[in-house]
Amino acid sequence: MKELTVKMSSKATDEQLLYANILEKGMLVGLLLMFITFALYVFGIMPAAIPVADLSGLWNQPVHDYLVAINDNYLHREHLTTGWSWITLIRNGDFLNFVPVAILSGVTIICYLSIAPGLFKRGDKAYGIMAVAEAVILALAASGLLSVGH
């Protein structure tokens, strides 16, 4: 039987370095924004839709009950705030905090899209297709267009 030998390299590829650099910068931007938006919220610089003092009484509820309670008592919207509908509430400090979370979640999509051209240029079509497919799947999942359950 012939043995299969895999050549391992201790050096990172250009794509690995690009992915890591984008991920690092995106993480730092998201983390910095997280600190800033949290400070705006917790110090009352921006108004909160749900008063901070009332949160501890709401946190012990199942998600649906929590959403109903905040809608009935504070938001008074026609529909519950689910999915991306929080964007309409970012003028409130408690919902502005979702922006850095969305940024942190989206950085991986940018990373995959950034490395795909280099993979194709190098002739690594399988990895290029996987990078594009991963970005598309993550973007579709984040969009809310795909859903599982009810």
Colleague: Would you give the length of the straight line joining atom CG of Asn71 to atom CD of Glu78, rounded to the nearest 0.5 angstrom?
Modeller: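 One finds 10.0 Å between CG of Asn71 and CD of Glu78.
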Colleague: Just grab all the side-chain hydrogen bond (donor to acceptor under 3.5 Å, both in side chains) pairs involving residues 133-142, residues at least two apart or on different chains.
Modeller: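 Sorted pair list comes back empty.
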Colleague: Excluding sequence neighbours, so at least two apart, what forms side chain to side chain contact (heavy atoms under 4.5 Å, CB included) with His64?
Modeller: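 Testing His64 for side chain to side chain contact (heavy atoms under 4.5 Å, CB included), a comparison that skips the adjacent residues, returns Val68, Leu80.
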Colleague: Got a list of side-chain donor-acceptor pairs under 3.5 Å for residues 42-53, not counting sequence neighbours?
Modeller:
none

Colleague: Which pairs pass side-chain hydrogen bond (donor to acceptor under 3.5 Å, both in side chains) with one or both residues in residues 80-94, sequence neighbours excluded?
Modeller: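 Every side-chain hydrogen bond (donor to acceptor under 3.5 Å, both in side chains) pair that includes a residue of residues 80-94, provided the two are not neighbours, is Arg77-Thr88.
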Colleague: For Phe120, does the CZ atom have more than 12 heavy-atom neighbours from other residues, nucleotides or ligands under 6.0 Å away?
Modeller: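 Enclosed: over 12 neighbouring heavy atoms sit under 6.0 Å from CZ of Phe120.
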Colleague: Enumerate the residue pairs fulfilling side-chain hydrogen bond (donor to acceptor under 3.5 Å, both in side chains) with a member in residues 37-54, sequence neighbours excluded, ordered by first and then second residue.
Modeller: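 Passing the test, one end in residues 37-54: Thr37-Asn97, Asp54-Tyr74.
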Colleague: Please answer: with hydrophobic residues joined when any side-chain heavy atoms are less than 4.5 Å apart, are Val101 and Leu67 in the same cluster?
Modeller: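 Unlinked, Val101 and Leu67 end up in two clusters.
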Colleague: Quick one: do Ile109 and Ile129 end up in the same hydrophobic cluster if we chain Ile, Leu, Val, Met, Phe, Trp and Tyr together by side-chain heavy atoms under 4.5 Å apart?
Modeller: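 No; tracing contacts between hydrophobic side chains, which count when under 4.5 Å, never links both residues.
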Colleague: What donor-acceptor contacts under 3.5 angstrom involve side-chain atoms of residues 16-35, with partners at least two apart or in another chain?
Modeller:
unit_1, atom_1, unit_2, atom_2, d
Gln16, OE1, Thr13, N, 2.8
Gln16, OE1, Thr13, OG1, 3.4
Asn21, ND2, Leu17, O, 3.1

Colleague: Met130 and Val132: same hydrophobic cluster, using ILVMFWY side-chain contacts below 4.5 Å?
Modeller: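 Per the 4.5 Å side-chain linkage, Met130 and Val132 are not co-clustered.
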Colleague: Which atom pairs, one a donor and one an acceptor, fall under 3.5 Å between side chains of residues 135-144 and the rest of the protein, sequence neighbours left out?
Modeller:
unit_1, atom_1, unit_2, atom_2, d
Ser143, OG, Leu140, O, 2.7
Ser143, OG, Leu145, N, 3.0

Colleague: Under 4.5 Å between side-chain heavy atoms, hopping through other hydrophobics if needed: is there a path connecting Phe38 to Leu89?
Modeller: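 Yes, Phe38 connects to Leu89 through the hydrophobic network.
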Colleague: Using the test side chain to side chain contact (heavy atoms under 4.5 Å, CB included), find all partners of Ala69 that sit at least two apart in sequence or belong to another chain.
Modeller: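 Side chain to side chain contact (heavy atoms under 4.5 Å, CB included) check on Ala69 returns Leu58, Gln61, Asn73.
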Colleague: Is any side-chain heavy atom of Leu96 less than 4.5 Å from a side-chain heavy atom of Val99?
Modeller: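 Heavy-atom side-chain distance check passes, below 4.5 Å.
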Colleague: Can you pull out every side-chain hydrogen bond (donor to acceptor under 3.5 Å, both in side chains) where at least one residue sits in residues 105-132? Sequence neighbours excluded, please.
Modeller: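 Residue pairs passing side-chain hydrogen bond (donor to acceptor under 3.5 Å, both in side chains), neighbours aside: Glu15-Arg122, Arg122-Asp124.
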Colleague: Is it the case that atom NE2 in His79 sees more than 12 heavy atoms from other parts of the structure closer than 6.0 Å?
Modeller: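 For His79, atom NE2 is not crowded (no more than 12 foreign heavy atoms under 6.0 Å).
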